[in-house]
2 protein chains.
Amino acid sequence: MAKIKSTNKATKKEVIAIKAASLFKAKGFNATSMRELADLVGVEASSLYNHIGSKSELLHSICFKIANEFTVHLAQVENSNGNSVKKLQDIISFHIRIMLKKFDEVFVANHEWKHLQEPYLSNFLNQRRSYEKRLIAIVSEGIKNKEIINGEPPIIIFTILSAVRGLELWHRSKKNISEQNLEEGMITQLTTGFIK
Amino acid sequence: MAKIKSTNKATKKEVIAIKAASLFKAKGFNATSMRELADLVGVEASSLYNHIGSKSELLHSICFKIANEFTVHLAQVENSNGNSVKKLQDIISFHIRIMLKKFDEVFVANHEWKHLQEPYLSNFLNQRRSYEKRLIAIVSEGIKNKEIINGEPPIIIFTILSAVRGLELWHRSKKNISEQNLEEGMITQLTTGFIK
DNA sequence: AAAGAAAACTAATAAACGTTAGTTTTGCAT
DNA sequence: ATGCAAAACTAACGTTTATTAGTTTTCTTT
């Protein structure tokens with residue numbers, strides 16, 4: 001049936017994309033060759049093209065898949081009825097969890113997007129800017145409601161985003177500390193600092 | 001005289017390295033060709049090799065130059081006599097300032113180091129791990145002295161490092177807020193959080 | 001002015017790259 | 001079993017890459 005076949009194909013395409021993500025993360029987009037990817041998949045390089053359109057397509061399917069997950073989650077948070085602090089904690093928590101769960105893909109979306117081709121590049125950056133603006137709006141609301149200290153909302157947001165996006169540092173030495181502890185620790189520090 | 005000549009050569013080499021950093025930052029190490037770099041310098045590609053050994057050499061001179069600046073500063077902080085909180089604030093402040101001052105090179109050291117060749121790669125990573133451990137030691141001391149909340153020192157350090165390393169986000173939209181504000185805002189948030 | 005070194009140039013090389021074309025194998029539906 | 005589409009293969013392509021060799025120009029020193 002056409003349906004099953006297309007499902008299978010989508011699945012195979014996804015497998016390739018996930019293996020591509022692990023290579024793109026480890027070596028970077030440009031330093032990853034289609035022959036290496038093919039090796040990892042267990043196939044000749046040219047055979048990949050039965051399932052994908054191009055190397056670039058792999059990159060942008062990874063980037064937009066992740067970008068969309070963040071966008072969808074943000075919409076949920078915006079429609080929830082917690083206060084601003086609760087919303088920000090929710091977002092931080094989501095960032096940490098998705099980073100730990102889909103590390104390769106999130107890493108690629110965070111670090112290899114610059115190799116996207118137009119118009120995907122502009123598209124991606126617009127989506128990101130919009131995401132940041134909506135986070136800033138949450139902070140501004142929190143300040144208005146006296147839940148958040150009266151600082152510059154962009155600084156607060158960029159600090160949070162930098163911290164959670166840089167979580168790759170963490171991945172290197174995650175042996176000693178549980179995800180649970182990590183999540184709690186980061187939220188605590190970003191919300192209340194480290195001073196006693 | 002030999003001395004002047006070698007000084008001139010070092011200068012020219014540095015100029016090339018700085019221009020290389022701006023390209024490596026914008027396009028990534030692998031996506032930057034020696035022909036592009038030569039264009040930027042105003043010379044043919046092969047002429048670059050009168051001043052540098054190889055493309056790889058450019059990358060590792062950038063990475064280690066920056067790594068050494070951080071190492072030297074850390075040693076100064078360790079030998080200073082402030083308390084742990086003061087030391088950490090000092091380090092955060094240094095990260096922000098050097099990021100703003102030598103943005104391209106710091107960015108490259110933070111994001112393109114994976115393209116270093118051995119043994120420079122191992123060397124670089126060792127230096128980084130050592131840097132992180134020494135920061136963790138400062139936090140541990142602060143906890144012992146009841147200056148810092150009783151959390152996991154690695155989480156505190158990784159959160160701080162992620163936040164300051166991710167400062168590139170900032171660079172995109174630095175129009176509205178001064179460096180002074182940025183530095184104060186980040187230090188405030190990382191030390192005391194954003195909750196009122 | 002002459003000499004010598006430093007740094008530019010042109011030209012070429014060998015390797016690696018993404019991708020296409022054409023062919024053969026595989027696996028499911030009749 | 002037969003037929004057909006999906007997906008594998010081999011081979012090759014045109015580019016682009018970093019780098020080297022050899023030559024000429026430019027600059028500095030005597």
Side-chain angles (χ1 to χ4, degrees), chain A residues 1-21 23-24 26-63 108 112 114-118 120-121, chain B residues 1-21 23-24 26-63 108 112 114-118 120-121:
Chain A
M1 310 286 120
K3 219 160 206 174
I4 293 177
K5 277 176 190 171
S6 76
T7 301
N8 282 346
K9 185 157 184 177
T11 297
K12 182 91 180 208
K13 189 171 182 170
E14 269 174 36
V15 168
I16 294 175
I18 285 175
K19 303 217 173 197
L23 286 178
F24 292 168
K27 321 192 51 170
F29 176 75
N30 276 282
T32 298
S33 75
M34 295 304 278
R35 287 164 176 85
E36 279 176 299
L37 175 56
D39 266 7
L40 193 61
V41 175
V43 103
E44 290 297 320
S46 57
S47 304
L48 294 173
Y49 289 85
N50 287 322
H51 306 281
I52 63 160
S54 67
K55 188 186 180 187
S56 293
E57 187 201 88
L58 278 173
L59 180 63
H60 70 246
S61 72
I62 293 167
C63 288
V108 169
E112 302 293 321
K114 70 174 66 161
H115 300 111
L116 286 168
Q117 295 178 322
E118 293 292 1
Y120 298 101
L121 178 59
Chain B
M1 311 285 117
K3 217 159 204 174
I4 295 178
K5 277 176 188 170
S6 75
T7 301
N8 283 344
K9 188 158 185 179
T11 297
K12 184 90 179 207
K13 190 171 183 171
E14 270 174 36
V15 168
I16 294 175
I18 285 175
K19 303 217 174 194
L23 286 178
F24 292 169
K27 322 191 54 171
F29 176 74
N30 276 282
T32 299
S33 75
M34 295 303 277
R35 287 163 177 83
E36 280 176 299
L37 175 57
D39 267 7
L40 193 61
V41 175
V43 104
E44 289 298 318
S46 58
S47 303
L48 294 173
Y49 290 84
N50 287 321
H51 304 97
I52 64 161
S54 67
K55 189 185 179 187
S56 293
E57 188 201 87
L58 277 173
L59 180 62
H60 71 247
S61 73
I62 293 168
C63 289
V108 169
E112 302 293 323
K114 68 173 69 163
H115 300 111
L116 286 169
Q117 295 178 321
E118 293 291 359
Y120 298 102
L121 178 58

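We name chains A, B, ... by the order of the sequence lines, and we start the count at 1 in each one.
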Distance, rounded to the nearest Å, where B:Glu44 contributes CD and C:dA11 contributes P: 11 Å
Partner residues of A:Ala26 under the side chain to side chain contact (heavy atoms under 4.5 Å, CB included) criterion, sequence neighbours left out: none
Test side chain to side chain contact (heavy atoms under 4.5 Å, CB included) applied to A:Leu40 - qualifying residues, sequence neighbours left out: A:Lys19, A:Ser22, A:Leu23
Side-chain N or O of B:His51 closer than 4.0 Å to phosphate OP1/OP2 of C:dA8: yes
Reading 5' to 3' through nucleotides 14-19 of chain D, protein heavy-atom contacts under 4.0 Å coded B for base, S for sugar-phosphate only, - for none: ---BBB
A:Asn50 (side chain) and D:dA6 (base): donor-acceptor pair under 3.5 Å: no
Validation row: B:Ile16, B:Leu58 side chains within 4.5 angstrom (heavy atoms): yes
Under 4.0 angstrom between B:Lys13 side-chain N/O and C:dA7 OP1 or OP2: no
Nearest-Å distance for atom pair NE2/P, residues A:His115 and C:dG18: 13 Å
Residues forming a side chain to side chain donor-acceptor pair (under 3.5 Å) with A:Ser56, sequence neighbours excluded: A:Gln117
Distance in angstrom units between A:Leu48 CG and D:dA6 P, rounded: 18 Å
Residues in side chain to side chain donor-acceptor pair (under 3.5 Å) contact with A:Lys114, at least two apart in sequence or another chain: none
Partners passing side chain to side chain donor-acceptor pair (under 3.5 Å) against A:His115 (at least two apart in sequence or in another chain): A:Asn30, A:Glu112
Phosphate-side-chain proximity, A:Ser47 and D:dA7, N/O vs OP1/OP2 below 4.0 Å: no
Between C:dG18 (C1') and A:Phe24 (CZ): distance, integer Å: 12 Å
